[in-house]
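Atoms considered below: every heavy atom in the structure, side chains included; atoms not considered: hydrogens, waters and symmetry mates. Proteins get letters first, then strands, A, B, ... in listed order; numbering begins at 1 in each.
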Amino acid sequence: MFRRLLLDNWTGIFTLVAFVTALSIYLSITWRALRMPRVQRDHFANLPLND
Amino acid sequence: MSARIVKIHYNDKVVRQFLLASVLWGVVGMLVGVLIASQLNFWRVNFDLPWLTFGRLRPLHTNAVIFAFVGNMMFAGVYYSTQRLVKARLASDFLSQLHFWGWQLIIVSAAITLPLGFSRGKEYAELIWPINIAVAGIWVVFAVNFFWTLARRQERGLYVAIWFYIATIITVAMLYIVNHLSLPTSLTHSYPIFGGVQDGLVQWWYGHNAVAFFLTTPILGIMYYFVPKAAERPVYSYRLSVIHFWSLVFVYIWAGPHHLLNTALPYWLQILGMTFSLMLWAPSWGGMLNGLLTLRGAWHKLRTEPVLKFFAAAVTFYGMATFEGPLLSIRSVNALAHYSDWIIGHVHAGALGWNGFMAAGMIYWLVPRLWNRPLHSNSLANVHFWLGLVGILLYVAAMWVSGITQGLMLNATAEGGTVLVYPNFLDTLNAIRPLMALRIVGGTLYLAGFLLLGYNVLRTIRGAEVVDGSAEVLVEDAPSPRVGVVGTFANPPVVFSVLGTLFACVWMFGGDFLRLVGLFGTITSVIIAWLHFETKKRGWSDWYDRLLLNAAPFTVLTFIAVAAGGLIQIIPTVLVNRARNVEDRIQVPYTPLELAGRDIYISEGCYNCHSQMIRTLVPDVMRYGDYSRLGESIYDHPYQWGSRRIGPDLAREGGKYPDSWHFQHMMNPRAISPGSNMPNYPWLFENDADVAALPAKISVQRTLGVPYPEWTPAEIQARVDEQAAGIVARLRDADLRVEPSRRIVALIAYLQKVGKSEPAHPALAAKP
């Protein structure tokens with residue numbers, strides 16, 4: 001069965017699973033970034049300017 | 001908790017060294033670029049000299065621009081910004097110097113070996129195996145120096161630029177090592193361990209992500225440091241930069257198969273590559289907007305500040321190139337654009353616009369600070385900007401029009417789609433010649449601008465006193481919230497992610513019962529993860545916050561993120577793509593003489609202009625013959641599917657023309673094909689093929705799985721002599737004379753074999 005990976009089109013489901021996985025990671029990171037405390041955000045954002 | 005003031009003296013010597021090396025190699029790389037662009041239009045510029053032909057110089061151009069120009073610029077930017085962002089001097093002066101001189105030695109080795117024809121035959125991965133080992137070694141030196149510096153840092157928080165550098169270091173190491181796995185046959189030659197579609201997939205996993213993790217992520221880190229510095233204001237949205245990083249790291253690595261659309265690559269990999277390429281639109285444009293909006297309130301400075309001009313244009317080109325990339329990854333668009341100049345225009349928008357202008361902006365910003373003297377001439381820098389911008393626009397626009405024109409002509413059919421409108425390939429080539437000439441103009445303007453940069457830098461630093469930066473930092477002696485090895489993996493986000501992925505794999509790959517188990521496990525993992533997250537939010541957040549202060553676990557998890565995409569694509573293909581699994585047709589292994597000819601084909605860089613892959617597209621099949629099957633290149637180490645058709649596809653070249661045709665064509669292509677831009681290859685008629693190396697080569701091929709019998713050297717020589725005599729006799733019949741030992745004889749043997757296959761019987765082969 002495994003070798004059918006070369007030839008069959010049902011494996012298109014990989015794309016769907018991979019897309020959902022990546023989307024869930026993207027949403028998680030977005031949620032975490034949006035909830036980043038302002039103090040932490042400002043500290044990081046100003047690091048290049050604090051030489 | 002106590003606090004103390006620490007004075008830090010930065011190591012800016014190595015920054016200066018890398019910066020000047022970048023300028024020097026930038027000139028070399030661009031000069032070779034203009035030369036090879038000229039060769040495409042004026043074949044005489046090849047000078048009938050082996051080491052000046054297009055096929056050998058094109059790899060020199062790409063390697064010089066990527067690894068020498070951008071590489072040196074990247075190291076300068078990374079070392080300068082990292083020291084300041086983490087408030088620590090580079091960990092080791094010795095490693096810094098070893099890194100610099102080692103890298104330059106590698107570049108010089110490449111500049112010597114590539115024109116001499118020593119090549120692995122894979123794009124951006126042409127360097128021979130001893131240099132590959134040197135590159136890996138020096139990259140490890142860079143990594144040790146970088147992570148050691150992080151370990152000694154006074155600033156606990158890791159700014160997003162550092163994240164991009166971490167992703168660069170670990171991902172490039174992974175990509176480079178896997179794609180350069182080879183078995184040597186001599187000190188200067190090796191065969192890649194992957195063959196056919198495996199090699200193609202690994203190559204473009206590497207090739208695409210060389211663009212992603214060598215030409216993009218480190219430059220994004222540089223953008224996130226130097227644009228705020230130049231604009232004197234913080235990045236527009238730090239939150240957006242966090243999303244930008246994670247989404248790029250997770251998504252970029254999957255997109256490699258978009259270089260092989262409509263080919264024999266399995267369909268699911270093509271769709272996977274296309275989908276993830278389209279997903280790249282969002283994070284790339286998020287990053288571009290973040291970079292541009294950092295200039296908010298500073299736009300008026302663009303009138304007078306060349307640094308900001310370069311940065312603004314560079315980020316705009318980043319946006320343009322990352323819009324175009326996903327567009328080109330759509331299968332139907334790719335059917336038109338692939339193998340055409342459109343792709344060349346796309347990569348140059350990235351290399352000249354994004355990388356080149358970021359380099360220029362950074363160099364103009366750094367030089368006055370590293371040599372403690374104002375820039376020699378702001379006016380010259382402004383002239384450089386406009387010359388470069390006009391040059392890029394001319395170049396890119398010419399390549400767009402050229403690519404679309406040739407693509408449309410090659411695909412054009414008439415009489416209900418039954419005949420080609422332009423059956424002669426040369427008609428399509430000669431139609432784009434004015435555009436190829438315009439490219440020379442654009443490239444020359446860009447080079448002229450860069451020469452002005454070189455002059456400006458030299459005048460600035462001449463007689464100037466170098467200065468190393470220093471800083472006083474208030475250090476708090478408080479314990480850092482550590483994650484540790486257990487904490488890195490034994491935490492809810494990682495555990496649930498691993499469980500979900502494992503069950504999903506069982507679901508997709510398992511048999512009937514295992515599929516059900518996998519499906520149930522996947523759903524259960526997602527539900528439990530969600531419930532756990534809802535009840536223990538604090539734990540998830542605390543772990544992430546601690547991660548941002550701990551470089552080692554952050555690096556490990558970033559590595560897993562980038563490795564996952566590659567593994568899911570490559571492992572099934574490597575395991576499955578075996579001769580016993582192939583259906584329809586399977587390649588006939590090359591005879592010893594044909595193998596010698598193939599090595600000449602690779603050495604001369606023929607793959608730079610000729611593909612060996614007839615796509616599953618009607619115009620391709622009508623023009624070149626039946627579409628290429630997966631099994632037809634299964635013994636090709638390395639694969640030779642190519643990426644550009646400056647000349648026609650050669651997948652079914654074998655037996656198409658008599659030996660005398662190839663003989664005369666290689667001697668003078670225009671004698672056979674009037675209007676051709678292919679170089680003459682007179683040295684193939686004067687030099688002997690390397691038959692003595694064949695026993696070692698065939699032995700390695702056998703180890704790689706190519707079904708050669710156990711021939712003795714004498715048997716190999718006898719087969720070579722027999723086949724060469726046959727070719728020489730046929731040539732003599734056409735009134736052409738040549739010694740049987742000459743390279744041209746071996747090359748003709750190879751060209752007459754390309755595309756020869758036999759029926760495959762996987763079901764029978766699988767039986768004991």
Side-chain angles (χ1 to χ4, degrees), chain A, chain B residues 81 84-85 155 157 159-161 197 224-226 228-229 232-235 237-240 242-243 246-247 250-251 254 266-269 271-272 274-276 279 282-283 469 471 493 500-501 504 507-509 511 541 544-545 548 561 565 568 572-573 575-578 580-583 630 762:
Chain A
M1 197 282 294
F2 198 59
R3 76 182 184 84
R4 304 302 306 176
L5 273 175
L6 286 178
L7 309 156
D8 287 355
N9 286 344
W10 66 267
T11 42
I13 194 155
F14 282 135
T15 306
L16 190 63
V17 173
F19 175 76
V20 170
T21 308
L23 188 67
S24 62
I25 290 163
Y26 176 78
L27 292 175
S28 309
I29 293 298
T30 303
W31 179 86
R32 191 66 197 84
L34 289 174
R35 288 179 58 87
M36 204 174 183
R38 174 175 279 278
V39 177
Q40 191 186 29
R41 224 165 57 212
D42 290 346
H43 172 71
F44 278 120
N46 281 292
L47 277 177
L49 306 176
N50 294 339
D51 283 4
Chain B
S81 58
R84 283 149 178 89
L85 284 169
E155 166 58 50
Y159 182 64
V160 72
V197 67
Y224 278 117
Y225 177 79
F226 284 97
K229 294 291 287 185
E232 297 175 318
R233 60 206 64 224
V235 62
S237 168
Y238 195 78
R239 292 189 292 203
L240 187 52
V242 172
I243 300 169
W246 284 113
S247 41
F250 270 103
V251 174
W254 296 75
Y267 182 74
W268 68 276
L269 278 166
I271 297 300
L272 201 59
M274 182 179 87
T275 306
F276 275 77
M279 284 163 67
T501 307
W507 171 32
M508 285 187 287
F509 296 120
S541 299
Y544 182 75
D545 286 340
L548 302 187
I568 288 173
T573 311
L575 292 178
V576 174
N577 191 48
R578 306 278 175 178
R580 64 177 177 274
N581 292 335
V582 167
E583 293 184 356
L630 210 54

So do [Y] and [X] actually touch side chain to side chain, heavy atoms under 4.5 Å?
X      : Y      : result
B:V197 : B:P266 : yes
B:Y225 : B:R84  : yes
B:Y159 : B:Y224 : yes
A:F19  : B:L272 : no
B:V242 : A:I29  : yes

Residues B:P283 and B:S247: closest non-hydrogen pair is CB-OG, 3.2 Å
If you count heavy-atom pairs under 4.5 Å with chain A, which of [options] comes out on top?
options                       : answer
B:W246, B:F276, B:Y238        : B:Y238
B:L240, B:L85, B:V251, B:V235 : B:L85
B:R239, B:K229, B:E155        : B:R239

Given the options A:D42, A:N46, A:L34, which has more heavy-atom pairs under 4.5 Å with chain B than any of the others?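 Heavy-atom pair counts peak at A:L34.
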Atom group of [X] that falls short of 4.5 Å from chain B, counting heavy atoms:
X     : result
A:F44 : both
A:R41 : both
A:L47 : both

